[in-house]
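Because the structure is a prediction, the values reported are computed rather than measured.
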Amino acid sequence: MNQILIVEDEPTLCDAYVFILKNLHSKKRISAFNSYVAHTFQSTVETIGEIIKSKQNLDLCILDFSLKANGKLD
């Protein structure tokens, strides 16, 4: 099963990404997947750590390029 990480600080956009991916899966355009969502820099680091500890590979990561770390724009 594929592992997908969505890093986005806007929850509505995260929901849209997950909806699109589920729709693609239901139409047999992509294989089954687990999705992980992180809304902050810190939660992204923690989520990646959890994926590594579970000995899973991360197959796809959708990134927000303007995610704020420590209150400052990266």
Exercise. Which atoms form the tightest heavy-atom contact between Asn34 and Met1, and what is the distance?
Worked result: OD1-SD, 3.1 Å

Exercise. Leu63, Leu13: one ILVMFWY side-chain cluster at the under-4.5 Å cut-off?
Worked result: no

For this session: Sequence neighbours left out, what pairs pass side chain to side chain donor-acceptor pair (under 3.5 Å) with at least one residue falling in residues 17-33?
Result: Asn2-Ser31

Exercise. Taking the side chain as C-beta and beyond, is there a heavy-atom pair between Cys61 and Val7 under 4.5 Å?
Worked result: yes

For this session: With the side chain counted from C-beta on, respond yes when Ile4 and Tyr36 share a heavy-atom pair under 4.5 Å apart, and no when they do not.
Result: no

Exercise. When rounded to the nearest 0.5 angstrom, what is the spacing between CZ in Phe19 and OG1 in Thr12?
Worked result: 14.0 Å

Problem set entry | Gap between atom CD of Gln3 and atom OG of Ser54 - 0.5 Å precision | 6.5 Å

Exercise. When rounded to the nearest 0.5 angstrom, what distance separates CG in Leu21 from CG in Leu60?
Worked result: 7.0 Å

Problem set entry | Inter-residue atom distance Leu58.CG - Ile51.CD1, 0.5 Å rounding | 5.0 Å

Problem set entry | Minimal non-hydrogen separation, Pro11 against Asp9, with atom names | CD-O, 3.3 Å

Exercise. Looking at residues at least two apart in the chain, or sitting in another chain, which of them share a side chain to side chain donor-acceptor pair (under 3.5 Å) with Ser43?
Worked result: Thr40

Seminar exercise, completed: The side chain to side chain contact (heavy atoms under 4.5 Å, CB included) partners of Ile48 (sequence neighbours excluded) come to Leu5, Thr44, Ile52

For this session: Name all residues meeting the side chain to side chain contact (heavy atoms under 4.5 Å, CB included) criterion together with Glu50; count only those two or more places apart in sequence or in a different chain, and write none if there are none.
Result: none

For this session: Just jot down the side chain to side chain contact (heavy atoms under 4.5 Å, CB included) partners of Asp15, sequence neighbours excluded, or say none.
Result: none

For this session: Please identify each residue that fulfils side chain to side chain contact (heavy atoms under 4.5 Å, CB included) with Glu46, with sequence neighbours left out.
Result: Gln42

For this session: Find out if a path of hydrophobic residues (ILVMFWY) with successive side-chain heavy-atom gaps under 4.5 Å connects Val18 to Ile30.
Result: yes

Exercise. Quick one: does Asp64's side chain have a donor or acceptor within less than 3.5 Å of a partner on Ser66's backbone?
Worked result: yes

